[in-house]
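In what follows, a structure is listed as structure tokens, so that the remarks can point back to it.
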There are 2 protein chains.
Amino acid sequence: MSRLSVLVVEDEDAIREMLAMVLEQSGFEASQCADAEVANLILQERMPDLIVLDWMLPGISGIEWARRLKKDQFYREIPIILLTARGEEEDKVRGLEIGADDYMTKPFSPKELVARIRAVLRRTGKIEDLAQITLGDMILDSEQHRLTIGDKQLDVSPTEFRLMQFFMTHPDKVYSRTQLLDQVWGRSVYIEERTVDVHIRRLRKILAEYGREEMVQTVRGFGYRFSLIS
Amino acid sequence: MSRLSVLVVEDEDAIREMLAMVLEQSGFEASQCADAEVANLILQERMPDLIVLDWMLPGISGIEWARRLKKDQFYREIPIILLTARGEEEDKVRGLEIGADDYMTKPFSPKELVARIRAVLRRTGKIEDLAQITLGDMILDSEQHRLTIGDKQLDVSPTEFRLMQFFMTHPDKVYSRTQLLDQVWGRSVYIEERTVDVHIRRLRKILAEYGREEMVQTVRGFGYRFSLIS
DNA sequence: GCGCTATGTTACGTTTTTATGACAATTAAG
DNA sequence: CTTAATTGTCATAAAAACGTAACATAGCGC
């Protein structure tokens with residue numbers, strides 16, 4: 001799976017889980033821990049593409065840990081977004097001084113979080129990877145706006161692309177037509193539920209050419225599910 | 001499938017959007033607004049199944065609005081979860097006094113939020129489902145809407161699914177046909193008792209493919225029992 | 001075993017839900 | 001401006017799920 005990975009280091013459980021959920025929901029792969037010590041272990045396991053770091057941490061403070069990372073030639077390149085409580089604006093300067101790539105005050109909206117993460121990743125040139133979602137032997141490439149199945153590349157229309165994108169980032173779970181409309185078309189638009197059927201049909205037609213139509217599964221009375229296993 | 005709807009009334013954008021996102025992600029239908037005035041309009045449009053309400057609001061305070069709702073016979077039944085900043089624990093008492101159904105301090109984890117909402121909805125009788133029910137080596141997953149036996153995944157029809165759901169949550173106990181109709185089909189529908197037999201038969205047929213038909217047991221003169229032990 | 005009742009099984013008509021093809025409107029491309 | 005592609009909607013076909021009746025079979029008291 002080539003989703004971009006984000007490591008969340010935040011001691012407060014509630015906020016950490018909230019962050020992780022938003023990240024997962026937005027297509028990132030989130031790992032999390034409550035302090036710098038564990039964070040170091042995780043870093044040895046796997047290098048994240050970005051770190052979201054709380055300013056205040058028990059033990060080694062966030063800022064101190066960030067400083068160390070930025071001195072370590074091995075970890076220096078990982079972008080860091082600092083988190084801080086509101087009203088400590090003066091810290092912003094210090095944070096950016098030591099090399100943090102951005103700075104966010106709690107509380108923040110999911111949109112803001114994702115926007116900032118994207119911005120940082122773009123700035124540091126990692127965003128290209130984000131363009132790729134992999135599931136099984138299928139690759140959905142947002143940059144090329146292309147779907148690859150096995151070694152075949154095929155083009156899909158914008159709506160089918162978004163639908164595919166949603167499905168590939170949320171596999172194995174049933175979604176009602178309403179939920180799909182909300183998530184893929186966006187809330188606020190009023191569209192007939194039957195329309196989902198039609199687009200499902202169009203997606204299946206495409207997948208059928210590669211013998212994958214059974215990946216889009218009908219769950220009678222509930223909606224649709226996308227799954228590798230039939 | 002009509003999802004349960006939750007109205008979020010919270011003036012701080014960041015938190016409101018966060019709430020909405022978590023709710024949507026968890027399968028609820030979320031509507032949102034920043035103050036009590038707009039909330040009233042939304043209420044007239046559609047009655048939500050639950051309200052998540054910030055304690056402090058511009059204009060009419062959350063607590064005041066909640067009090068009014070709880071006096072209004074039309075809205076009284078809507079459960080309310082109050083939100084407050086940490087460190088205002090003493091408000092909890094006041095909140096619950098005026099009829100709020102639960103109380104949450106910011107910040108909170110998505111898990112906690114969803115758990116509390118589910119708990120309240122369960123308590124007030126609007127929900128009874130659990131994402132995953134396990135019995136022996138069988139897993140009934142509402143999220144995927146799938147039944148797993150051993151390592152085989154199989155789809156069952158809506159009615160068989162609900163029947164299975166009921167049985168798996170109430171194993172080893174006999175239920176009469178009437179009880180099953182009440183519980184699985186719903187109290188208000190009139191359906192022949194024999195129909196239960198037929199669906200039992202269909203369920204057995206499915207289970208038989210995996211050598212489990214003896215799990216659905218006939219108790220002559222009383223009804224049926226679902227049990228791992230035969 | 002006999003007769004009676006409860007339960008199992010099957011087939012069938014009905015209802016509900018989903019799939020599909022066609023069309024018009026809109027948008028994007030050339 | 002023309003042409004092609006995309007998209008949403010509708011009408012209709014097809015499929016799945018349901019409930020019911022009819023008949024078969026099995027259990028139970030006598």
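All figures in this text were calculated on a predicted structure; none of them were measured in a lab. A, B, ... follow the sequence lines: proteins, then strands. Residue 1 opens every chain. Note that these values count all heavy atoms, side chains included, but never hydrogens, waters or copies made by symmetry.
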Query raised in the report: If the sugar-phosphate is the primed atoms plus P, OP1 and OP2 and the base is the rest, what is the B/S/- string for nucleotides 25-30 of chain C, using protein heavy atoms under 4.0 Å?
Result: ------
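- In this structure, CD1 in B:Ile51 is found 12.0 Å from CG in B:Leu83, a value given to the nearest 0.5 Å.
- B:Val219 comes within 4.0 angstrom of sugar-phosphate atoms only, judged by non-hydrogen atoms across all strands, and of no base.
- Side chain of A:Gln165 to main chain of A:Leu140: no donor-acceptor pair is present (N/O by atom type, distance under 3.5 Å, no hydrogens or angles).
- A close approach under 4.0 Å does not occur between any side-chain nitrogen or oxygen of B:Arg194 and OP1 or OP2 of C:dG8.
- Protein atom CZ of B:Phe161 is 17 Å distant from nucleotide atom P of C:dT17, rounded to whole Å.
- The distance from atom CG of B:Leu180 to atom P of C:dT7 is 12 Å, rounded to the nearest whole Å.
- As judged by a 4.0 angstrom heavy-atom cut-off over every strand, A:Glu160 is placed among residues touching the sugar-phosphate backbone only.
- Distance B:Leu181 CG to D:dT20 P: 9 Å, rounded to the nearest Å.
- Rounding to the nearest 0.5 Å gives a distance of 11.0 Å between CD of B:Glu17 and CD1 of B:Ile15.
- Between C:dA19 and A:Thr218, a contact under 4.0 Å exists linking OP1 or OP2 to a side-chain N or O.
- The side chain of B:Glu192 sits closest to D:dA21 out of D:dA21, C:dG8, D:dG8.
- At distances below 3.5 Å, at least one donor-acceptor pair connects side-chain atoms of B:Glu10 with backbone N or O atoms of B:Glu12.
- A salt bridge is absent between B:Arg67 and B:Asp72: the closest approach of a Lys/Arg side-chain nitrogen to an acidic carboxylate oxygen does not fall below 4.0 angstrom.
- For D:dT7, the OP1/OP2 oxygens have no side-chain nitrogen or oxygen of A:Trp185 closer than 4.0 Å.
- Contacts of A:Tyr224 with the nucleic acid, taken as non-hydrogen atoms under 4.0 Å apart, involve only primed sugar atoms and P, OP1 or OP2.
- A salt bridge does not link A:Arg220 to B:Asp155: none of the charged nitrogens lies less than 4.0 Å from a carboxylate oxygen.
- Rounded to a whole Å, the CD1 atom of A:Ile191 is 11 Å from the C1' atom of D:dT9.
- B:Thr195 comes within 4.0 angstrom of a nucleotide base, judged by non-hydrogen atoms across all strands.
- Among the nucleotides D:dT20, D:dC18, C:dG8, the one closest to any side-chain atom of B:Ser157 is D:dC18.
- Residues A:Asp197 and A:Arg177 are paired through a salt bridge, judged by an N-O separation under 4.0 Å between the basic side chain and the carboxylate.
- Distance CD (B:Gln217) to P (C:dG8): 12 Å, rounded to an integer number of Å.
- Picking from D:dA17, C:dT9, D:dA26 the nucleotide with the shortest atom distance to the side chain of B:Pro158 gives D:dA17.
- The distance from atom NE2 of A:His199 to atom P of C:dA19 is 14 Å, rounded to the nearest whole Å.
- Atom CD1 of A:Ile206 and atom P of D:dA5 are 14 Å apart (whole Å).
- The main-chain N or O of A:His145 is never found under 3.5 Å from a side-chain atom of A:Ser142 such that the two would form a donor-acceptor pair.
- Residue A:Arg202 is classed as a base contact, given a heavy-atom separation below 4.0 Å to a base.
- In this model, the phosphate group of D:dC18 is approached by a side-chain N or O of B:Thr159 to a distance below 4.0 Å at OP1 or OP2.
- Going from atom CZ of A:Arg177 over to atom P of D:dT9 covers 14 Å, rounded to whole Å.
- Here A:Arg204 lies in heavy-atom contact (under 4.0 Å) with sugar-phosphate atoms only.
- Where A:Arg220 and B:Arg201 each meet DNA chain C at their nearest nucleotide, the meeting point lying more 5' is that of B:Arg201.
- Nearest-nucleotide assignment on DNA chain C puts the 5′-proximal partner with B:Asp197, out of B:Lys205 and B:Asp197.
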